[in-house]
Each structure stands twice: as C-alpha cells, then as structure tokens.
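Written out below as structure tokens is the structure these notes cover.
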Amino acid sequence: MGLRRRFAAFRDRLGTTRAERDEEAPDDVADEPGEAPRPRLIVGLGNPGPEYQGTRHNVGMWTIQRLAERHGAELARDTRVWRATVEVGSRALHLAAPRSWYNESGPAVASELRRLSLRRDQLLVIHDDIDMDVARVRMRPHGGHGGNNGMRSILDALGGGDFPRIRIGIDRPYDPDPDDPDEEHSRGRPVRDPDRVADWVLSRPRPEERAALDAAIRDVADAIEFAVSEGVEAAMNRLNRRE
C-alpha cells in the first residue's frame with residue numbers, strides 16, 4: 001500500500017468512533033460451547049529472507065501469503081513474525097509466518113499464541129513433508145513432529161501437539177537404481193544423506209512442480225477457510241479426500 005493510501009486509511013479511521021471501529025472489526029469471540037474446534041491462528045513454516053522465498057521448504061509460508069492476498073491483506077513485519085488478520089465468515093483469522101529459522105519456529109509460535117490469548121487447539125500449522133509426493137496434502141487434528149524439525153521446535157515450545165496441522169508434499173531426491181531393470185521409468189532409490197536432503201528442500205521446485213504446489217496451496221487455503229466456518233474435522237474430511 002502506498003503512502004497516500006496509508007494516510008487516507010489512517011485519516012478515515014480517525015473519523016470513526018470506537019464503537020464504529022468495533023462494529024467494523026471481524027468477530028474475535030471465543031468458540032461457542034460444544035462447537036466444533038475452529039482454527040484462529042494459522043502459521044506457515046519457512047525460512048526468512050528473499051533467497052529462501054521460492055524454495056520447497058517454504059510452502060507453508062507460501063500458503064500464508066496466498067491467504068493474505070486472497071483477503072486483500074498485507075503481512076506486516078513484527079519482532080518475531082510476519083502477521084496479518086483477515087475476516088473469514090465474520091470471524092477474525094490471524095495469519096503468521098515466523099521470522100526465525102525454520103528449525104527454530106517454536107518460540108515465535110508460542111509468543112503469538114500468548115499475544116492472542118488463544119489455546120493450542122486454536123492453532124493450525126502448515127509445513128512441507130519430504131516423505132509425501134509433490135503436492136499431496138494431508139490434514140491431521142494432532143500428532144507428533146514426524147521428523148520435521150520445525151514441528152519439533154513448536155512441540156517443545158508448546159509442550160504438546162494437540163493442534164491441527166497440514167502437510168504439503170515436496171518429495172525427496174532420488175538416485176538411479178542400477179538393479180532396476182526398468183531404470184528409465186523408475187523413480188530410483190530415495191536419497192537419505194542429510195546434506196543432499198537439505199540441498200533439496202532449500203532449492204526451488206521445477207516449473208511443473210511449482211504449478212502443482214500452487215494448486216495444492218489453493219486447496220489448502222480453501223480448506224482453512226472451510227475449517228473456520230465448519231470446523232477442523234469437516235475441513236479435514238474434505239481436504240483428505242482431494243486425492
């Protein structure tokens with residue numbers, strides 16, 4: 001947003017009363033008793049800095065950017081996170097991307113939950129998964145870190161994993177298998193070497209992979225909005241049937 005538009009928005013806000021501003025703001029009330037759990041804070045994992053923006057490891061952060069753009073919001077830089085608040089079905093939905101390194105995401109997520117006075121089950125985390133095919137998605141209501149160091153950091157910081165998460169597949173690199181008689185049409189042997197895997201996740205996907213990931217991110221954004229209106233379980237059933 002340009003300086004002139006920012007000033008106009010600020011001037012317009014000065015001309016409203018506190019009651020009018022409250023009326024304009026999205027509803028940030030707590031879930032009703034017995035209501036299906038609904039996410040209030042969506043966190044997308046990735047590494048900070050322009051050199052990492054288009055890398056496979058940042059698909060969680062891409063999703064946050066997609067949601068912000070979809071609702072005409074801009075992610076604002078704060079001490080620990082990039083953040084924005086959008087309105088989905090008259091409810092406030094908080095978006096955040098930690099500004100710390102991927103493997104050190106936990107403290108930023110815990111700080112944002114405290115700032116918003118939210119429970120763990122009102123958090124939803126989006127991250128990449130090298131053990132899933134490119135653009136495959138899976139939503140779960142809770143669980144462990146599954147070997148993902150960003151999730152490990154969040155679980156350590158929060159002291160539990162009772163919050164939903166969405167994994168987006170980025171696959172892993174493969175070596176040709178000399179023992180495979182149909183090597184030309186085989187994916188080969190999965191690479192396990194940590195250095196080569198790190199190079200893979202910190203590299204940019206091929207154009208056809210990026211197109212598939214963009215489509216997956218669109219579906220994930222749709223599912224998140226559905227979770228806000230209908231609950232996590234309903235969104236999970238819809239997203240997991242996407243395959």
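Note that the structure is a prediction, hence the values are computed from the model and not measured. Heavy-atom basis, side chains included; hydrogens, waters and symmetry copies ignored.
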Worksheet item: Does the side-chain contact (heavy atoms from CB on, under 4.5 Å) test come out yes or no for Leu239 and Ile166, once each step is laid out?
Response: CA-CA 10 Å; Leu239 185 63; Ile166 297 177; 4.1 Å; yes
For the [atom1] atom of [X] and the [atom2] atom of [Y], what is their distance to the nearest 0.5 Å?
X	Y	atom1	atom2	result
Arg115	Thr79	CZ	OG1	10.5 Å
Arg38	Asp121	CZ	CG	12.5 Å
Asn58	Tyr52	CG	OH	9.5 Å
His57	Asn103	NE2	CG	6.0 Å

Practice prompt. Please check if any side-chain donor atom of His94 sits under 3.5 Å from a side-chain acceptor atom of Gln122, or the reverse.
Written response: no
According to side-chain hydrogen bond (donor to acceptor under 3.5 Å, both in side chains), who are the partners of [X], at least two apart in sequence or on a separate chain?
X	value
Glu209	Arg56, Arg206
Asp214	Arg210
Arg218	none

Worksheet item: Is Asp222 paired with Arg70 through a side-chain N to carboxylate O contact shorter than 4.0 Å?
Response: yes
Fill in: Asp175 with Arg189: basic N within carboxylate O range, under 4.0 Å
no
Item to complete: Mark yes when over 12 heavy atoms from residues, nucleotides or ligands other than Arg238 sit less than 6.0 Å from its CZ; otherwise mark no.
Response: no
Worksheet item: Between Arg172 and Tyr174, is NZ or CZ placed under 6.0 angstrom from the six-membered ring centre and within 45° of the ring axis?
Response: no
Practice prompt. Report yes if some heavy atom in the side chain of Leu213 is under 4.5 Å from a heavy atom in the side chain of Ile168; otherwise report no.
Written response: yes
